[in-house]
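Below: one structure, written as structure tokens.
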Amino acid sequence: MNRNRHDTDPRFDDPAVAREWALQERAREHERLGAPMSEGDPRLGQYRLLSRALRAPPMEPVPYGFAEQVARRAAAAADGSDQVERWLQQLLLFGLIAAGVGAALGSAPTWWPALLAPLRLLPAGGASWLALAGACCLATWGWSGIARAIGLEPGAPTRPA
């Protein structure tokens, strides 16, 4: 007499577990024989679908270099939209600078005398030293900003060509 492995297994002493096991085995057998599905027992149908899925061949593996290809496509798509956005930002920046310069020059008769009043209080030659210090600061900070913008500053992130 053939004895199945589960006959001596203490887990199958529970009638509910034994019924479930028998149902799974019956579903596997029905699926192997190709018997038609019956609507009478939905659990049997579920187990048959599970058995069919487990017997189906596995999906093909992901091709070699798939992640790299996806990353390259994403970078190319981002670069295309970034160029338009950068161009629009530069256009907006130049427009704001032009509007600011225009507003400053338009209202110069109002603020220029107020700016020169403290300079008249400086000793002779002090204004030229102050202008020289301001020009040095402007040149240093301006060059740093330009170098950062074009990627020449050490440690600045490089842009792909």
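What's counted below: heavy atoms across the whole structure, side chains too, no hydrogens, waters or symmetry copies. These numbers come from a predicted model, not from an experiment.
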Are side-chain heavy atoms of Gln46 and Pro42 found at a separation under 4.5 Å?
no

Is it the case that one hydrophobic cluster holds both [X] and [Y], taking links as side-chain heavy atoms less than 4.5 Å apart, direct or via other members?
X: Trp143; Y: Leu138; value: no
X: Leu105; Y: Ile97; value: yes
X: Val84; Y: Leu91; value: yes

Kindly determine whether Arg26 and Glu29 satisfy side-chain contact (heavy atoms from CB on, under 4.5 Å), including the steps that lead there.
CA-CA 5 Å; Arg26 194 172 59 173; Glu29 187 64 25; 5.7 Å; no

Looking at residues at least two apart in the chain, or sitting in another chain, which of them share a salt bridge (charged side-chain N to carboxylate O under 4.0 Å, His left out) with [X]?
X: Arg19; result: none
X: Glu60; result: none
X: Arg73; result: none

Trp87 CH2: over 12 foreign heavy atoms closer than 6.0 Å:
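Atom CH2 in Trp87 is not crowded, with 12 or fewer foreign heavy atoms closer than 6.0 Å.
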
Spacing of [atom1] belonging to [X] relative to [atom2] belonging to [Y], to within rounding of 0.5 Å:
X: Arg32; Y: Ser51; atom1: CZ; atom2: OG; value: 10.5 Å
X: Trp111; Y: Leu116; atom1: CH2; atom2: CG; value: 9.0 Å
X: Arg43; Y: Tyr47; atom1: CZ; atom2: OH; value: 4.0 Å
X: Leu88; Y: Leu93; atom1: CG; atom2: CG; value: 12.5 Å
X: Ser107; Y: Trp112; atom1: OG; atom2: CH2; value: 12.0 Å

So, Ser144 side chain and Thr140 main chain: donor-acceptor pair closer than 3.5 Å or not?
no

Got a salt bridge between Glu31 and Arg28, using NZ or NE/NH1/NH2 to carboxylate O under 4.0 Å?
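Looking at Glu31 and Arg28, the cut-off is not met.
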
Closest contact, heavy atoms only, Pro113 versus Ala108
CD-O, 4.0 Å

